[in-house]
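Please read the structure below before turning to the comments.
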Amino acid sequence: MSGDQGKGERVLRLVTSNEGKAREFAAALAGISWKVERVASTYEEIQADTLDEVADASARQLFAEGTVPTPFVLEDAGLFIDGLNGFPGVYSAYVFQTIGHQGILRLMEGIRDRDASFESRIALCLPGGDVELLSGTCPGTIPRAMRGSGGFGFDPVFIPEGDYRTFAEMNIAEKEEHSHRGNAMAALRERLARL
Ligand code: ITT
């Protein structure tokens, strides 16, 4: 499938089923010279031990299907909690759907080590099918109770390092300054500027 380069305005497709993610991408990529178009579909995610493998394989699979024009990006993210040996990690989406952030707080009862990190891998699929991975990380801690109503997913139960608020108590720009996705999107902006 051919890309959109050389046709005037350049279009980057963002493939995600997650509204919250889509809002954050739209805000962070608003000023760039690319038009970002969301493709609100789900895609098959392989079972693997790392976000790198999941993001890379998902992008290659989607390219092989030929349903989304290149270039496109997708993202795999996860919350890795030290006191739970990295859980939920690559299983974050399933864990969020099943036990939610209340379930995470219950699992953390009695655990003193509250350190955790959010990780983001953006897979950028280029015309021709090459896939590049862009990473972002955000260290932080898990509070004893949920706080805030903004954002999505595990935001009410994550306090980024250097702040006292949870992600759910921040607006979208404040979250972006700290977040795993904010860091990965900064790398994506730089990469797009060189395409
Ligand atoms: P797509 O794969 O369709 O993009 P998803 O919701 O399945 O959407 P992920 O697999 O990347 O996305 O995310 C795993 C889960 O991790 C997700 O369901 C959220 O609950 C959580 N998550 C990811 N990024 C987050 C963030 O910035 N804040 C809070 N929770 C987040």
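Counting convention: from 1, in listed order, for ligands and their atoms alike. Values below: all heavy atoms of this structure, side chains included; hydrogens, waters and symmetry mates excluded.
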Can you work out which protein residues put a heavy atom within less than 4.0 Å of ligand 1? Thr16, Ser17, Asn18, Lys21, Tyr43, Glu45, Glu75, Asp76, Ala77, Ser92, Ala93, Phe96, Phe118, Phe152, Gly153, Phe154, Asp155, Lys175, His180, Arg181
Salt-bridge test for Arg194 and Glu132: reply yes if a basic N is under 4.0 Å from a carboxylate O, no otherwise. no
Main-chain N/O of Asn171 paired to Glu174 side chain as donor or acceptor, under 3.5 Å: yes
Does the plane of the ring in His180 sit parallel, tilted or perpendicular to the ring in Phe118? Use 30° and 60° as the thresholds. parallel
Output yes when a side-chain donor or acceptor of Asp76 lies under 3.5 Å from a complementary backbone atom of Arg121, and no otherwise. no
Any donor-acceptor pair under 3.5 Å linking the side chain of Arg181 with the backbone of Phe25? no
Name the one of Val95, Val157, Leu79, Asp155 that satisfies side-chain contact (heavy atoms from CB on, under 4.5 Å) with His101? Val157
